[in-house]
Each structure stands twice: as structure tokens, then as C-alpha cells.
**Q** 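A single structure is presented below for examination.
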Amino acid sequence: MPEGHIIHRLARELRSTLGTRPVEASSPQGRFASGASLIDGERLLDAEAWGKYLFAEFSGAQTLHIHLGLIGKLRRRPPDLPAGDTIRLRLSGGGVCWDLIGPARCDLISPTDRDEIIAGLGPDPLRRAARPEQMRERIRHSAAPIGALLLDQRVVAGIGNVYRAEILFTCGIDPHRPGRSLSEDELTLIWEETVRLMRIGRRLGRIVTTDPAEIGRPSGRMRDDERLYVYHREHCRRCGSRIETTSLGGRRIEHCPNHQR
DNA sequence: CCATCATGGATAT
DNA sequence: TATCCCTGATGGC
């Protein structure tokens with residue numbers, strides 16, 4: 001589920017639903033019991049996303065750091081649902097309940113730790129003040145394949161395995177090309193496409209990269225098999241060519257040999 | 001019932 | 001590059 005678009009959406013939803021009233025915090029599973037007790041009764045002052053990292057600031061000088069990893073979920077659920085033993089953290093207040101399940105990280109951290117995490121990340125395409133030249137600079141000087149670079153959170157923050165495959169498709173770029181072989185125009189295009197596609201994902205709550213005019217249906221109403229061009233597909237959504245599957249950055253990636261040379 | 005896999009990343013080797 | 005962690009959906013028996 002979680003690439004950067006989901007984390008940004010969650011930050012926004014946490015702010016709007018938990019507001020600044022005192023929040024009830026618990027760890028039904030018990031693995032975050034001490035942390036939850038420090039948050040319990042405090043107010044959520046802010047929640048924000050940096051790439052795939054989520055930081056929630058609570059009164060009492062507590063910063064909650066959440067990373068969902070591959071399988072983690074943060075879901076809004078009906079209040080007073082029985083708490084199973086996989087719920088690491090439950091936040092509730094004002095009739096709203098959020099359950100955190102299977103996170104890679106869930107800790108209380110210091111402001112310094114938070115700053116260090118953020119400092120280690122590349123520009124986040126969903127943040128207004130992002131500096132795309134930092135991403136371009138890191139790609140321009142690297143011999144690594146662009147497909148690996150887009151997954152590296154130090155290069156650009158928030159892209160995951162679905163977006164990297166789809167962004168490179170809409171840009172018409174072969175994932176195996178070394179970063180330093182890309183032209184300035186291609187680097188600019190990659191950033192613009194990333195911003196465009198991830199904003200759509202944040203708005204819809206799911207990844208849709210196909211062109212509504214091409215599919216003949218608004219992005220919000222597309223069937224699952226209409227949403228993507230190449231990711232985990234056997235044939236290119238646009239031309240029907242057989243998709244090629246390789247491995248880059250330790251993860252599987254697909255590309256269309258016809259559209260991405 | 002069990003094995004496998006997944007939109008991630010830290011750590012060991 | 002390999003291994004591990006965290007959970008749940010899926011598909012094969």
C-alpha cells in the first residue's frame with residue numbers, strides 16, 4: 001500500500017480527524033505500550049510526511065515517528081471495534097479511531113533524530129518547497145541505473161516500486177540507463193512526471209498513472225487493470241508489447257521495450 | 001492447512 | 001547481494 005502519496009494523505013487525515021483535542025493512545029498488542037502511555041492524553045499538534053516517513057507532533061514534547069515499510073497499515077476504523085493483537089498503536093478521539101498495524105518503525109524520537117532523518121532524504125515531490133535540482137544533481141553524477149536511483153530515498157523521497165516503473169514508462173526511459181547518461185530535459189521530465197503522478201495518487205488514494213483519455217474513463221472510476229501501464233503486467237497497457245521484467249535496486253521492475261529504449 | 005508474495009528498508013556478509 | 005522483520009491476502013494442497 002504505502003508509497004509517499006499514501007503517507008501524505010495519512011498526515012492530512014490525521015490532522016483533520018484528530019484535530020487538537022486530547023488523544024487516547026494505547027498499544028493493544030503491547031509492543032509500544034510505554035510509548036503509547038507517553039502520548040496518551042496529549043494533543044496532536046501537527047502531522048506531516050517526508051517521503052515515506054510520517055511524523056506526528058504531540059503536546060508534551062513527544063514526536064511520534066512511523067514508517068509503514070512494506071506491509072504496514074494505518075487505517076481509520078469504526079470506534080470501539082475490538083482491538084486485536086496485531087494493533088501496535090491505537091489513537092482515538094472525537095469519535096475517530098486510527099489503528100497502526102505491522103509498521104517497520106514506530107518510535108518516539110527526539111527533534112534531532114527527526115532532523116537527521118529528513119536531512120538524509122532527497123527532495124519530496126509532494127512538498128511545496130522541494131528542490132528538484134538536488135535530485136537532478138545526484139542522478140547526473142551517478143553511474144547507477146536510473147531505475148535503482150529512483151528507489152533510493154537519498155536521491156528522491158517517496159517513490160516506491162510501482163511509481164518508479166510507471167514514471168519511467170511515461171517518461172519513455174529505459175530503467176537500465178545510467179543516471180549520468182540522462183539529458184537535462186529527461187531529468188526535468190522525470191521530476192515533472194513524478195510530481196504530476198504522485199499528486200493524482202494523493203488525491204485518489206491509489207496509484208493511477210494511465211491517461212483517462214486513453215482509457216476512456218475518468219481516473220477515479222478506472223478498474224484495477226486499467227490503472228497502470230507496465231507494473232506487474234505481462235503486456236504494455238499502451239501497445240500490447242510483451243513487458244520485460246528485470247531486477248534493479250534489489251527489486252523487480254518491468255518496462256516496455258517498445259516505449260522505453 | 002501451508003507456502004508465497006507484497007507499493008520497504010535496516011543490517012549483516 | 002542476502003537475510004530479516006512486520007501482517008494479511010491469495011492460491012495450492
Side-chain angles (χ1 to χ4, degrees), chain A residues 1-11 27-33 35-36 49-55 65-75 77 81-90 98-107 109 113 116-122 124-126 144-145 147-170 175 193-194 197-210 219 222 224-234 237 243 245-255:
Chain A
M1 288 294 286
E3 295 191 28
H5 65 301
I6 292 294
I7 312 304
H8 277 265
R9 167 176 262 261
L10 284 170
S27 178
Q29 179 190 61
R31 292 181 56 177
F32 189 56
W50 287 84
K52 299 172 191 169
Y53 293 78
L54 178 62
F55 300 101
H65 163 226
I66 290 173
H67 195 293
L68 295 180
L70 182 59
I71 63 173
K73 290 179 177 59
L74 181 54
R75 295 188 298 204
R77 310 176 70 202
L81 221 65
D85 60 6
T86 60
I87 301 176
R88 183 79 56 91
L89 172 66
R90 171 171 282 186
W98 287 93
D99 282 342
L100 174 66
I101 296 162
R105 301 295 305 271
C106 173
D107 308 293
I109 62 173
D113 294 335
E116 281 176 5
I117 291 171
I118 293 170
L121 295 172
D124 178 342
L126 290 178
L149 291 170
L150 292 189
L151 262 198
D152 185 339
Q153 303 300 297
R154 298 168 298 185
V155 172
V156 52
I159 295 179
N161 209 23
V162 179
Y163 272 124
R164 81 157 167 174
E166 294 293 312
I167 288 163
L168 289 170
F169 174 86
T170 69
E193 281 297 275
T194 303
L197 295 174
M198 290 189 72
R199 281 184 181 165
I200 292 171
R202 177 175 56 185
R203 187 173 72 243
L204 299 176
R206 61 181 190 165
I207 301 176
V208 178
T209 61
T210 47
S219 20
M222 285 183 197
D224 278 352
D225 69 336
E226 295 171 327
R227 295 164 34 225
L228 306 172
Y229 286 110
V230 293
Y231 177 78
H232 280 204
R233 291 184 60 85
E234 282 195 25
R237 174 89 240 167
I243 291 298
T245 300
T246 52
S247 178
L248 283 177
R251 316 277 304 276
R252 165 180 168 181
I253 183 171
E254 299 82 8
H255 77 280

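Proteins get letters first, then strands, A, B, ... in listed order; numbering begins at 1 in each.
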**Q** Does Ile71(A) or Arg105(A) map to a spot on DNA chain B nearer the 5' end, using the closest nucleotide for each?
**A**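 The residue mapped nearer the 5' terminus is Ile71(A).
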**Q** Over how many whole Å does the gap from Arg31(A) atom CZ to dC6(C) atom P extend?
**A**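 Taking CZ of Arg31(A) and P of dC6(C), I get 5 Å after rounding.
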**Q** Between dC5(B) and dA2(C), how far is it from one P atom to the other, in whole Å?
**A**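 After rounding to an integer number of Å, I get 15 Å for this pair.
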**Q** Return the value, rounded to whole Å, for the distance between atom CZ of Arg233(A) and atom P of dT7(B).
**A**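 Answer to the nearest Å: 16 Å.
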**Q** Suppose you measure atom P in dG9(B) against the same atom in dA9(C); what distance do you get, rounded to whole Å?
**A**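 My reading of the P atoms in dG9(B) and dA9(C) gives 22 Å.
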**Q** Determine the Euclidean distance between corresponding C1' atoms of dC6(C) and dC1(B); express it in Å to zero decimal places.
**A**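 Straight-line distance between the two C1' atoms is 22 Å.
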**Q** Give Arg164(A) one of three labels, base, sugar-phosphate or nothing, depending on what nucleic acid heavy atoms sit under 4.0 Å from its own.
**A**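 The answer is nothing, as Arg164(A) stays clear of every strand by at least 4.0 Å.
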**Q** Which part of the nucleic acid, if any, lies within contact of Gly160(A), taking any heavy atom under 4.0 Å across all strands shown: a base, the sugar-phosphate backbone alone, or nothing?
**A**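 The answer is sugar-phosphate, as Gly160(A) gets under 4.0 Å only of primed atoms, P, OP1 or OP2.
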**Q** Please give, in whole Å, the distance from dG8(B) C1' to Ile6(A) CD1?
**A**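 Taking atom C1' of dG8(B) as the reference, CD1 of Ile6(A) is at 14 Å.
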**Q** Describe, in one word, how the ring planes of His5(A) and Tyr163(A) are oriented to each other, choosing from parallel (under 30°), tilted (30 to 60°) and perpendicular (over 60°).
**A**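 Ring orientation of His5(A) relative to Tyr163(A): perpendicular.
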**Q** Side-chain N or O of Thr86(A) less than 4.0 angstrom from OP1 or OP2 on dC6(C)?
**A**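 For dC6(C), neither OP1 nor OP2 has a side-chain N or O of Thr86(A) closer than 4.0 Å.
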**Q** Grab the CG-P distance between Leu126(A) and dT7(B) for me, whole Å please.
**A**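 Value for this atom pair: 19 Å.
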**Q** Can you check the His67(A) NE2 to dA10(B) P distance for me, whole Å?
**A**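 His67(A) atom NE2 is separated from dA10(B) atom P by 7 Å.
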**Q** With a 4.0 Å cutoff (strictly under), does any side-chain N or O of Arg251(A) reach OP1 or OP2 of dT7(B)?
**A**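 So the side-chain polar atoms of Arg251(A) do come within 4.0 Å of the phosphate oxygens OP1 or OP2 of dT7(B), strictly under.
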**Q** Gln29(A) side chain: which of dG9(B), dC6(C), dT7(C) is closest?
**A**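 The answer is dT7(C).
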**Q** Are any of Tyr53(A)'s side-chain N or O atoms less than 4.0 Å away from OP1 or OP2 of dA10(B)?
**A**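 Yes, because at least one side-chain N or O of Tyr53(A) sits under 4.0 Å from OP1 or OP2 of dA10(B).
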**Q** With sugar-phosphate meaning primed atoms plus P, OP1 and OP2, does Arg252(A) contact a base, only sugar-phosphate, or nothing at under 4.0 Å between heavy atoms?
**A**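 The residue Arg252(A) makes sugar-phosphate contact but no base contact.
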**Q** Rounded to whole angstrom, note down the P distance from dC5(C) over to dT13(B).
**A**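 Roughly 14 Å separates the two P atoms.
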**Q** Any idea which of dG8(C), dT7(B), dG9(B) is nearest the Pro2(A) side chain?
**A**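 Closest of the options to the side chain of Pro2(A): dT7(B).
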**Q** Whole angstrom is fine here: how far is it from CG in Asp224(A) over to C1' in dA9(C)?
**A**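 After rounding, the reported distance stands at 14 Å.
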**Q** Can you check the Leu70(A) CG to dA9(C) C1' distance for me, whole Å?
**A**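 Rounded to the whole Å, the gap is 13 Å.
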**Q** Under 30°, 30 to 60°, or over 60°: which ring-plane class applies to Tyr229(A) and Phe169(A), parallel, tilted or perpendicular?
**A**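 Tyr229(A) and Phe169(A): parallel rings.
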**Q** Respond yes when some side-chain nitrogen or oxygen of His232(A) is under 4.0 Å from OP1 or OP2 of dT7(B), and no when none is.
**A**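 Indeed, a polar side-chain atom of His232(A) lies that close.
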**Q** How many whole angstroms separate atom NZ of Lys73(A) from atom P of dT7(B)?
**A**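 Interatomic distance, NZ of Lys73(A) to P of dT7(B): 12 Å.
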**Q** What's Glu166(A) touching, base or sugar-phosphate or nothing? Going by heavy atoms closer than 4.0 Å.
**A**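 Touches nothing.
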**Q** Search all heavy atoms of Leu151(A) against all heavy atoms of Gly160(A) and return the closest pair with its distance.
**A**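 Nearest heavy atoms, Leu151(A) then Gly160(A): CD2-C, 3.5 Å.
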